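Here's the structure we're looking at; comments come further down.
We use all heavy atoms of the structure for the numbers below, so side chains are in, but hydrogens, waters and symmetry mates are not. No experiment lies behind these values; they were computed from the predicted model shown.
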Amino acid sequence: MITIPRVCASLLAVCAGVLLPPTCTAQNQSAGGTAALAVVHRLFDAMRAGDSAGVRSVFHPAAQLVTARLRDGAASVEVDTVDAFVRAVGTPHPEVWDERLRNETVHVDGPLVVVWAEYSFYAGDKFSHCGVDAFQLAREGAEWRIISIADTRRRDGCPDTAR
């Protein structure tokens, strides 16, 4: 019989990483984590450059982009395609789109990587919003590709509301 304290202890052990498979790592300590994180950084380098081909190159063809946010106190979810994102990046805009990551955490299990990072987004020098990005990447052969990005967006409680 499993008692509540035993269940809680088991959950704490899982959260602490005690029961994770030996291939799982945190804080990009593995070669796979480092390579996958480099793909995420290439995405934002291409976005800053307005390079739609560079943006498309880091995504799996069936990838999805999801935004979860609060609007007027109600939670909402928006799902978008990579094509729409690539078009937006490639459409000329006067400001550089600059998404800055911090506190990146990387978890790896073989051909799957999850990257969780806080971010702040700037349009040129103007702060726009902040939130969290959650990337899932999968390896096909030797290549890492982003298979999904989920993010939150907010203007309140951001660490850097001015440059």
Side-chain angles (χ1 to χ4, degrees), residues 24-163:
C24 292
T25 61
Q27 301 300 329
N28 69 343
Q29 295 170 353
S30 73
T34 301
L37 190 57
V39 171
V40 170
H41 291 167
R42 279 196 350 247
L43 166 65
F44 293 120
D45 290 343
M47 191 171 79
R48 278 188 288 278
D51 176 4
S52 58
V55 168
R56 186 174 299 283
S57 74
V58 300
F59 283 100
H60 183 278
Q64 275 195 325
L65 300 129
V66 178
T67 297
R69 68 172 106 197
L70 292 176
R71 285 200 169 157
D72 301 322
S76 69
V77 174
E78 300 167 16
V79 179
D80 213 343
T81 64
V82 172
D83 289 341
F85 181 61
V86 168
R87 268 192 311 276
V89 168
T91 300
H93 42 275
E95 303 90 8
V96 171
W97 290 358
D98 186 11
E99 190 153 336
R100 302 174 192 174
L101 300 182
R102 64 185 171 280
N103 299 325
E104 299 156 328
T105 302
V106 178
H107 295 278
V108 179
D109 189 18
L112 181 69
V113 169
V114 175
V115 176
W116 180 277
E118 297 172 29
Y119 76 90
S120 293
F121 184 86
Y122 288 82
D125 288 335
K126 184 180 178 196
F127 173 79
S128 175
H129 60 276
C130 71
V132 169
D133 285 331
F135 299 88
Q136 288 187 330
L137 295 93
R139 191 175 65 225
E140 287 187 307
E143 298 290 321
W144 287 97
R145 299 271 188 246
I146 297 170
I147 57 175
S148 71
I149 303 174
D151 70 271
T152 61
R153 295 181 194 173
R154 64 181 185 280
R155 290 199 172 104
D156 298 330
C158 298
D160 52 347
T161 56
R163 201 176 211 186

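At least one side-chain heavy atom of V113 sits less than 4.5 Å from a side-chain heavy atom of V106. Side chains of E95 and K126 form no contact here, defined as non-hydrogen atoms less than 4.5 Å apart. Looking only at side-chain heavy atoms (C-beta outward), L137 and V58 stay at 4.5 Å or farther from each other. For the pair E143 and R145, the minimum side-chain heavy-atom distance is below 4.5 Å. Side chains of I149 and L43 form a contact here, defined as non-hydrogen atoms less than 4.5 Å apart. Side-chain atoms of S120 and E99, non-hydrogen and from C-beta on, never get closer than 4.5 Å to each other.
Applying the disulfide (SG to SG under 2.5 Å) rule to pairs touching residues 55-128 yields nothing, sequence neighbours excluded. Sorted by first and then second residue, the disulfide (SG to SG under 2.5 Å) pairs with a member in residues 86-137 read C130-C158; sequence neighbours excluded. Contacts classified as disulfide (SG to SG under 2.5 Å) and involving residues 45-122 (residues at least two apart or in different chains) are not found. Applying the side-chain hydrogen bond (donor to acceptor under 3.5 Å, both in side chains) rule to pairs touching residues 68-82 yields R69-E78, R71-E78, sequence neighbours excluded. Within the structure, disulfide (SG to SG under 2.5 Å) contacts touching residues 55-106 (residues at least two apart or in different chains) do not occur.
Annotation: the span from L101 atom CG to L37 atom CG amounts to 8.0 Å, rounded to 0.5 Å. The CZ atom of R154 lies 10.0 Å from the CG atom of L70; values are rounded to the nearest 0.5 Å.
A donor-acceptor pair is defined here as one N or O able to donate and one able to accept, closer than 3.5 Å; no such pair exists between the side chain of H107 and the backbone of T105.
When all heavy atoms of T152 and Y119 are compared, the closest pair comes out as O-OH, 2.7 Å. The minimum heavy-atom distance between S128 and R155, with the atom names listed, is O-NE, 2.9 Å. Of all heavy-atom pairs spanning E104 and A117, the tightest one is CG-CB, 3.8 Å.
Heavy-atom neighbours of W97 CH2 from other residues, nucleotides or ligands within 6.0 Å: above the threshold of 12.
Salt-bridge formation is detected for the pair D45/R48: a Lys NZ or Arg NE/NH1/NH2 atom is positioned less than 4.0 Å from an Asp or Glu carboxylate oxygen.
Under the side chain to side chain contact (heavy atoms under 4.5 Å, CB included) criterion, A138 pairs with I147, not counting sequence neighbours. Residues that satisfy the ring pair (Phe, Tyr, Trp, His ring centres under 6.0 Å) test with F85, not counting sequence neighbours, are absent from this structure. Residues forming a salt bridge (Lys or Arg N to Asp or Glu O under 4.0 Å) with D151 (at least two apart in sequence, or on another chain): R153. Scored by the ring pair (Phe, Tyr, Trp, His ring centres under 6.0 Å) test, H60 finds no partners at all (sequence neighbours excluded). In this structure R139 satisfies the side chain to side chain contact (heavy atoms under 4.5 Å, CB included) test together with P111, W144, sequence neighbours excluded. Under the side chain to side chain contact (heavy atoms under 4.5 Å, CB included) criterion, V82 pairs with R56, F59, A63, L65, V86, sequence neighbours left out. By the ring pair (Phe, Tyr, Trp, His ring centres under 6.0 Å) test, H41 is found to be paired with no residue, residues two or more places apart in sequence or in another chain being considered.
Ring geometry, F121 versus H129: the interplanar angle falls under 30°, so the pair is classed parallel (tilted spans 30 to 60°).
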